[in-house]
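Quantities reported herein were computed from a predicted structural model and do not represent experimental measurements. Because only heavy atoms are used, hydrogens play no part in the values below, and waters and symmetry mates are left out as well, while side chains stay in.
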Protein chains: 2
Amino acid sequence: MDRIPRATIERFTVYLQCLRTAERDTTTVSSEQISGKCGVNPALVRKDLAYLGSKGVRGVGYDIAGLAGEIEKVLNLQHEWRVVILGAGRLGSALANYPGFVGRGFSVAAVFDNDPAIVGTRTDGHVVQPVDRLQEAVAEHGAAIGVIAVPAANAQDAADALVGAGIKSILNFAPVLVDVPAGVEVRRVDLATELQVLAYYQPT
Amino acid sequence: MDRIPRATIERFTVYLQCLRTAERDTTTVSSEQISGKCGVNPALVRKDLAYLGSKGVRGVGYDIAGLAGEIEKVLNLQHEWRVVILGAGRLGSALANYPGFVGRGFSVAAVFDNDPAIVGTRTDGHVVQPVDRLQEAVAEHGAAIGVIAVPAANAQDAADALVGAGIKSILNFAPVLVDVPAGVEVRRVDLATELQVLAYYQPT
């Protein structure tokens, strides 16, 4: 398979969600309908879907379940990923109990904090564990993804701890960049950045 | 000024943060240094910065404060934006008190919920208000950006309420798409999508 551009991968995640929603009502969908449901222009939808093996049938469109399955295969979502969260403050707790992960390929395996006042407390289904248990817990749960939900000042330590525990994929919610060795992928979610992009598009 | 591509706008927010960090240590920076600090390739940095009036000086680079100021001007960040948050559960509370907004051009004006058990309670600096006070509060605070932090089932109602209150820019954290009229910009932060992109890049 050709190497798939990152922007296409990001849109695949959007298509997948639209398809899983559409699937409740119907079994086939055209690229124009995917375009309308997902808010992506039709030419781009067709270009993206060309990276998959699946071909639409003229006048009928794509089989929704088949197309969704192919996207899941490409995205490595055919098994569930176990996620560990560093930081059990408001954001970490919100993430630990985020209902939007259910059915999307992820489950939270464990939550960690280095504050003795929080360790041992319960945030819904999870008892907060000390960070020095991270490596053991990652191995025990087969966790592959780590989430940084600690204050900016602690973000690098959190990244180092995740890397030390063998995690190769990190989602960073702290409002700073972290350094990681080659071979570790960090994706940053910066809430202020999201707002800044909105500010640019604010009608004036 | 030429219309600036969305991807450039997104990178401007990253450059801005790198520049504000670099500014603590030095006064000038080369495009190669910006590239290294921000993790964006040097050719792309130069192409993006060409949208600004600022020119680097050969052998010296860019004046950091000047360049950051120009980016802020383009992004409309020269005044502070007031933000309202719908939903005072874990995620809404985390956002209401997110320390990463400070100094980035945003402040939370008010937090709303439709659960009588939560309305009137305090989440740090904010007393949670009933959603029927939204329109009045938006006008009173001059709020321009709304954040949806409610469960998926309530997201469309929240979007309708924000639009009804005159909000034109919405950041949606609920794991569903919402419909809004033309002229309203919605930016979606889907935490499962972020994880799905990471899963794709997971070393196998």
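Contact annotation for B:Val184: neither backbone nor side-chain heavy atoms come within less than 4.5 Å of a heavy atom of chain A. For chain A, the nearby part of B:Asn97 is the side chain; its heavy atoms alone come within less than 4.5 Å. Contact of B:Phe12 with chain A is not made at all, since no heavy-atom distance falls under 4.5 Å. Both the backbone and the side chain of A:Ala144 come within contact range of chain B, judged by heavy atoms closer than 4.5 Å. Proximity to chain B (any heavy atom under 4.5 Å) is shown, for A:Leu195, by both the backbone and the side chain. Contact of A:Leu77 with chain B is made through the side chain alone, with heavy-atom distances under 4.5 Å. Contact annotation for A:Glu10: both backbone and side-chain heavy atoms come within less than 4.5 Å of a heavy atom of chain B.
The OH atom of B:Tyr98 sits 4.0 Å away from the CG atom of A:Leu191 when rounded to the nearest 0.5 Å. Residue B:Tyr200 holds its OH atom at 13.0 Å from CD1 of A:Ile71, rounded to the nearest 0.5 Å. The line from NZ of A:Lys168 to CG of B:Leu198 is 14.0 Å long, rounded to the nearest 0.5 Å. A distance of 8.0 Å separates CD of A:Gln196 from CD of B:Gln17, quoted to the nearest 0.5 Å.
Looking only at heavy-atom pairs under 4.5 Å with chain B, the residue among A:Leu75, A:Val83, A:Val197 that has the most is A:Val197. Between chain A and the residues B:Leu16, B:Val186, B:Leu171, the most heavy-atom pairs under 4.5 angstrom are made by B:Leu171. Between chain A and the residues B:Thr21, B:Val14, B:Ile170, B:Val176, the most heavy-atom pairs under 4.5 angstrom are made by B:Ile170. Between chain B and the residues A:Ala174, A:Gly92, A:Ala94, the largest count of heavy-atom pairs under 4.5 Å involves A:Ala94.
For residues 26-38 of chain B, the interface with chain A (any heavy-atom pair closer than 4.5 Å) comprises B:Lys37, B:Cys38, sorted by residue number.
Residue pairs that meet the side chain to side chain donor-acceptor pair (under 3.5 Å) test with at least one member in residues 142-159 of chain A, sequence neighbours left out, are A:Gln156-A:Asp160.
In this structure, B:Phe106 and A:Ala192 approach most closely via the heavy-atom pair CE1-O, 3.8 Å.
Checked against salt bridge (charged side-chain N to carboxylate O under 4.0 Å, His left out), B:Glu80 has no partners two or more places apart in sequence or in another chain. For the salt bridge (charged side-chain N to carboxylate O under 4.0 Å, His left out) test, residues two or more places apart in sequence or in another chain that qualify with B:Arg11 are B:Asp48.
The closest donor-acceptor contact from the side chain of B:Glu194 to the backbone of A:Val189 lies at 3.5 Å or more, if one exists at all.
Between B:Arg90 and the choices A:Thr123, A:Leu91, A:Leu95, the side chain to side chain contact (heavy atoms under 4.5 Å, CB included) rule is met once, by A:Thr123.
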